[in-house]
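The model shown is predicted, which means the values in this text are computed figures rather than measured ones. Note: hydrogens, waters and symmetry copies are ignored here, and every other heavy atom, side chains too, is used. Order of the sequence lines fixes the chain letters, A, B, ..., with proteins taken first and strands second; residue numbering starts at 1 for each chain.
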Amino acid sequence: MARPNDEVEALLREYADLLAITGGDAFKARAYEKAARAIGGHPADISALDADGLREIPNVGRSIAEKVTEYLRTGRIGLVEERRARIPAGVRELITIPTLGPKKALRLYEDLHISSVSELAAAVEADALADLKGFGEKTQDNIRHGIELLRRAGARVPLARATDTAEGIVAGLSGVTGCRRCAYAGSLRRMRETVGDLDVLVAAKRSAPFMDALCELPVTAEVVVRGSKKTSVRTAEGLQVDLRVVPPESWGAAMQYFTGSRAHNIRTRTIAVHQGLKLSEYGLFDTGSGEPVASRTEEDVYARLGLPWIPPTLREDRGEIEAGLRGELPEVVTERDIRGDLHTHTDLTDGLASLETMVEAAAERGYAYYAVTDHAPGLSMQRMTDEKVLAQRERLRELDGTRRRMRLLHGTELNIGPEGEVDWPEEFLAGFDLCVASLHSHFGLARGAMTRRLVRACENPYVNVVGHPTTRLIGRRPGVDADWDEVFAACARTGTALEVNAQPDRLDLCDADILRAREHGVKFAVNSDAHSVPHLGQLRYGVGTAQRGWLTCDDVINTWPLTRLRRFLRKGGRH
DNA sequence: GCCGTTTTCGGCCCGACTGTTTTCAGTCG
């Protein structure tokens, strides 16, 4: 289940959106947004806090603290519900379309009574926007394109949200008497970046208690089908959950079967057939006698097929079967292998927590090293200065080694300018232990210019990591256009690592790009890009993505011991 | 609505980009 912090964050964000749509004081809407972010990023569970405790969270004042306590007491916020009654939910949905903000959404609603994305799509097709003030030809093109982007993401749910929901359901069902095993399978277990539905498995002798329990979970909004082997429900956010209860002896076969992918299963079943076996969700059986051969664990099933256990993130029929048969399956990187995070922020720029708080939380994660990489001055909204970053470095050096002897690296996230230039001159960059460099503007450059820009950034002797290289936002913005093979080659040549950014709406590079970059011999850094303490834990989505890209520890620089990492950061010359 | 103070008002990350306008509004990072 989502933390209460996340629930409140979502509610306050909704209220901020509704305020922005209905106009009035724009700063008030901003205030709610800031408070939402602060509460979502607050490390402690807010349901344990009273109004005074809440007010200690930055950007939470008297009024918002009252609304939060109202929510914690009653499960609702009256003022939010009042606003909801005035603005249909579909109008808020309109501002999820890229390039459509609150002002245009309100105009569409007031002038044309459009209150959903599908109504807007129909209106655009019918050319009904032509006479609307402020909606020219280009705007309509942008809307059409934006809707297309949303549709392509479809009804699929982002990985992190699906994980929260699934973990809540697994926790709920694990407590039911008679539960031997409970886990989620499907594309979520394979860590696809978006998830269409959830597959939850239970191993137990009697199924009815689990079917009942699922139907009664608070997250369940609607029961789709209710049977003895399978029950499907839909959550309030529209995610379908399929629960299957299998006999304990079928657990491994069922996990293998329901984890997929379909393509991977077709391969395993074909291998079974060639060996005179039949593979189903109940087990591996001898075709002739019908006798069970293996089913209790996934390892048993794979072993009987002549395969090692294959990590779920590899089960896409992208060569894992062949590699397994040859005994050459990669030992993919795991979260335990990560020795440090190399891209994180503090409240010196747009992070929520202080340097001390972030360092403390990182140490608790057991990291051997940790880099602080606040934004550079080019991102002017962050108001970074030489003085501020140098003062931070001084403080960081004092803290270095004091928290479980974790070593601190002082870095920065540079902005890659349109020509590939970065914020500071080389003599200033030399003072950093490492530099991440990212695109934050000029996303629309033509392919050639974009490629040259990225290659130039890699050629900078102080740029160690290209952050969120394509800058895509899943379901909202495609990545920039570049000749990626040329960029990857430049990374390999110059000793510049590519980031696997773990933010769940980025996952950038994505699995397919990682596979391609890996062919060039590029090294990678799996980073959280954390802006708050809870964000540090999102690293696991980056690790999952790295696994989907077949990365091993040798490929990932932040699994290396510090001495090897430091050697890499010198980029074959600088020191 | 929050916050900080030269503290109970007046500012609030600020600039770029886009498209529509013709001097600016809306959106974005």
Side-chain angles (χ1 to χ4, degrees), chain A residues 8 11-39 51-52 54-68 70 77 79-80 83 94-108 129-146 149 345-352 374-385 388 413-418 423 438-445 467-468 470-473 476-480 501 503 505-506 508 529 531:
Chain A
V8 170
L11 264 179
L12 294 179
R13 269 187 204 281
E14 180 184 351
Y15 192 60
D17 283 348
L18 293 174
L19 286 176
I21 291 168
T22 48
D25 185 2
F27 289 111
K28 192 163 150 185
R30 283 287 289 160
Y32 275 96
E33 251 176 61
K34 275 156 64 178
R37 214 164 85 85
I39 288 172
D52 284 341
L54 287 165
R55 291 192 61 175
E56 280 174 28
I57 300 173
N59 300 313
V60 177
R62 193 179 52 79
S63 171
I64 291 181
E66 261 173 30
K67 290 185 178 70
V68 175
E70 180 191 349
I77 299 176
L79 271 178
V80 177
R83 288 274 164 167
L94 295 180
I95 70 177
T96 61
I97 298 170
T99 72
L100 254 196
K103 296 289 180 289
K104 288 198 173 110
L106 185 65
R107 166 135 292 155
L108 288 166
L129 270 49
D131 296 334
L132 211 52
K133 192 158 173 266
F135 289 72
E137 190 64 29
K138 281 285 193 176
T139 301
Q140 291 191 55
D141 284 351
N142 285 340
I143 290 174
R144 206 174 288 123
H145 180 63
L149 274 177
H345 296 272
T346 74
D347 59 5
L348 186 62
T349 57
D350 59 349
L352 289 171
D374 272 313
H375 286 287
L379 207 57
S380 50
M381 65 185 186
Q382 303 302 349
R383 293 180 149 179
M384 178 58 95
T385 62
K388 281 158 89 173
E413 182 180 10
L414 299 166
N415 305 287
I416 304 176
D423 308 67
S438 314
L439 303 179
H440 290 117
S441 64
H442 302 86
F443 300 145
L445 291 188
H468 46 73
T470 78
T471 72
R472 71 155 179 176
L473 292 173
R476 286 189 286 148
R477 184 175 74 202
V480 297
N501 187 296
Q503 287 195 3
D505 61 344
R506 290 192 186 273
D508 182 12
D529 193 2
H531 286 67

Novice: Rounded to the nearest 0.5 Å, what's the gap from CG on A/Asn59 to CZ on A/Arg30? Could you check?
Specialist: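 Here the interatomic distance stands at 10.0 Å.
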Novice: If the P atom of B/dT22 is compared with that of B/dG29, how far apart are they to the nearest Å?
Specialist: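 Their P atoms lie roughly 28 Å apart.
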Novice: Let me know the distance between OH of A/Tyr15 and C1' of B/dG1, rounded to the nearest Å.
Specialist: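 So the OH-C1' distance, A/Tyr15 to B/dG1, works out to 10 Å.
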Novice: With rounding to the nearest 0.5 Å, note down the distance linking NE2 in A/His531 to CG in A/Asp350.
Specialist: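 Separation between the atoms: 3.5 Å.
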Novice: To the nearest angstrom, how far is A/Met384 atom CE from B/dG15 atom P?
Specialist: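 Rounding to the nearest Å, CE of A/Met384 and P of B/dG15 are 17 Å apart.
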Novice: Scan every strand shown for a Watson-Crick or G-U wobble partner of B/dT8, both distances under 3.5 Å, and answer none if you come up empty.
Specialist: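 None - no nucleotide pairs with B/dT8, as no candidate has both distances under 3.5 Å.
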Novice: Please state how far atom CZ in A/Arg476 lies from atom C1' in B/dG29, giving the value in whole angstrom units.
Specialist: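 To the nearest whole Å, that distance equals 11 Å.
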Novice: For nucleotides B/dC12 and B/dT18, find the distance between their P atoms and express it as a whole number of Å.
Specialist: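 Approximately 26 Å lies between the P atom of B/dC12 and that of B/dT18.
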Novice: Using nucleotides 23-26 of chain B, report all nitrogen or oxygen pairs with the protein that are shorter than 3.5 Å.
Specialist:
none

Novice: Check whether any side-chain heavy atom of A/Arg477 sits under 4.5 Å from a side-chain heavy atom of A/Arg472, and report yes or no.
Specialist: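 A side-chain contact is absent here, since even the closest heavy-atom pair is not under 4.5 Å.
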Novice: Can you check side chain to side chain donor-acceptor pair (under 3.5 Å) on A/Thr99 and A/Asn142, steps first, answer last?
Specialist: CA-CA 7 Å; A/Thr99 72; A/Asn142 285 340; 4.7 Å; no
Novice: Please report the C-alpha distance between A/Asp141 and A/Arg144 in whole Å, then the side-chain angles of each, then the deciding distance to 0.1 Å, and finally whether the salt bridge (Lys or Arg N to Asp or Glu O under 4.0 Å) criterion is met.
Specialist: CA-CA 5 Å; A/Asp141 284 351; A/Arg144 206 174 288 123; 3.0 Å; yes
Novice: Find the distance A/Asp17:CG to B/dC28:P and express it as a whole number of Å.
Specialist: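 Rounded to the whole Å, the gap is 11 Å.
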Novice: Do the side-chain N and O atoms of A/Tyr15 and A/Lys28 include a donor-acceptor pair separated by under 3.5 angstrom?
Specialist: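 A/Tyr15 vs A/Lys28: no donor-acceptor pair found between side chains.
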Novice: Checking all strands, does A/Asp350 fall into the base, sugar-phosphate, or nothing category for heavy-atom contacts under 4.0 angstrom?
Specialist: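 Here A/Asp350 touches no strand at all.
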Novice: Need to verify one output field. Residue with the more 5' nearest nucleotide on DNA chain B, A/Gly444 or A/Pro98?
Specialist: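 That would be A/Gly444.
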Novice: To the side chain of A/His442, which of B/dG1, B/dA16, B/dC13 is closest?
Specialist: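 Output: B/dA16.
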Novice: A/Glu137 CD to B/dT18 C1': how many Å, rounded?
Specialist: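 After rounding, the gap between these two atoms is 15 Å.
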Novice: Using the P atom as the reference point in each nucleotide, state the distance between B/dC17 and B/dG11 in Å, no decimals.
Specialist: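 Result for the P pair: 28 Å, nearest Å.
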Novice: Does atom CG of A/Asp131 have more than 12 heavy-atom neighbours from other groups under 6.0 Å away?
Specialist: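 No, not enclosed.
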Novice: Roughly how many Å apart are B/dG10 and B/dT6, using the P atom of each and rounding to a whole number?
Specialist: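 The same atom, P, in both gives a distance of 15 Å.
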Novice: Identify whether any heavy atom of A/Tyr32 sits under 4.0 Å from a base atom; if not, whether one sits that close to sugar-phosphate; answer base, sugar-phosphate or nothing.
Specialist: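 The answer is sugar-phosphate, as A/Tyr32 gets under 4.0 Å only of primed atoms, P, OP1 or OP2.
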Novice: Just call it for A/Thr139: base, sugar-phosphate, or nothing, with non-hydrogen atoms closer than 4.0 Å on any strand.
Specialist: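 Contact class for A/Thr139: sugar-phosphate only.
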Novice: So, does A/Asp423 use its side chain to make a donor-acceptor pair with the main chain of A/Leu414 at under 3.5 Å?
Specialist: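 Not confirmed, A/Asp423 side chain does not pair with A/Leu414 backbone.
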Novice: Can you tell me if A/Asp508 and A/Asn501 form a side-chain donor-acceptor pair at under 3.5 Å?
Specialist: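 Side chains of A/Asp508 and A/Asn501: no pair found under 3.5 Å.
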Novice: For the side chain of A/Arg477, starting at C-beta, report the closest nucleotide among B/dC28, B/dG1, B/dA16.
Specialist: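 Among the listed nucleotides, the one closest to the side chain of A/Arg477 is B/dC28.
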Novice: Rounding to an integer number of angstrom, what distance separates B/dC13 and B/dG4 when you compare their P atoms?
Specialist: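 Looking at atom P only, B/dC13 and B/dG4 are 12 Å apart.
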Novice: Measure CG/A/Leu54 against P/B/dG1 and give the value in whole Å, please.
Specialist: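 My rounded result for the distance is 16 Å.
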Novice: Which nucleotide in the set B/dG1, B/dC17, B/dG29 lies at the smallest distance from any side-chain heavy atom of A/His440?
Specialist: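 So the side chain of A/His440 is nearest to B/dG29.
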Novice: Whole angstrom is fine here: how far is it from CG in A/Leu19 over to C1' in B/dC2?
Specialist: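 The answer, rounded to whole Å, is 14 Å.
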Novice: When you compare the side chains of A/His345 and A/Glu413, does any donor N or O come within less than 3.5 Å of an acceptor on the partner?
Specialist: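 The criterion, which ignores hydrogens and geometry beyond distance, is satisfied for A/Glu413 and A/His345.
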Novice: For residues 57-64 of chain A, which residues have at least one heavy atom under 4.0 Å from DNA chain B?
Specialist: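 Residues of residues 57-64 of chain A that come under 4.0 Å of DNA chain B are, in numerical order, A/Pro58, A/Asn59, A/Val60, A/Gly61, A/Arg62, A/Ser63, A/Ile64.
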Novice: Would you measure the distance from the P atom in B/dT20 across to the matching atom in B/dA25 and give it in whole Å?
Specialist: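 Approximately 16 Å lies between the P atom of B/dT20 and that of B/dA25.
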Novice: Of A/Asp25 and A/Lys34, whose nearest nucleotide on DNA chain B comes first from the 5' end?
Specialist: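 The residue whose closest nucleotide sits nearer the 5' end is A/Asp25.
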Novice: What interatomic distance, in whole Å, is found between P of B/dC9 and the corresponding atom of B/dG15?
Specialist: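 It works out to 29 Å between them.
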Novice: The side chain of A/Phe443 lies closest to which of these nucleotides: B/dC17, B/dG29, B/dT20?
Specialist: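 Looking only at heavy atoms from C-beta outward on A/Phe443, the closest nucleotide is B/dG29.
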Novice: Between B/dG1 and B/dT7, how far is it from one P atom to the other, in whole Å?
Specialist: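 Roughly 24 Å separates the two P atoms.
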Novice: Rounded to whole angstrom units, what separation is found between the CG atom of A/Leu445 and the P atom of B/dA16?
Specialist: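 Taking atom P of B/dA16 as the reference, CG of A/Leu445 is at 16 Å.
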Novice: Within the 4.5 Å heavy-atom criterion, are A/Arg506 and A/Asp529 side-chain neighbours or not?
Specialist: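 The answer is yes; the side chains approach within 4.5 Å.
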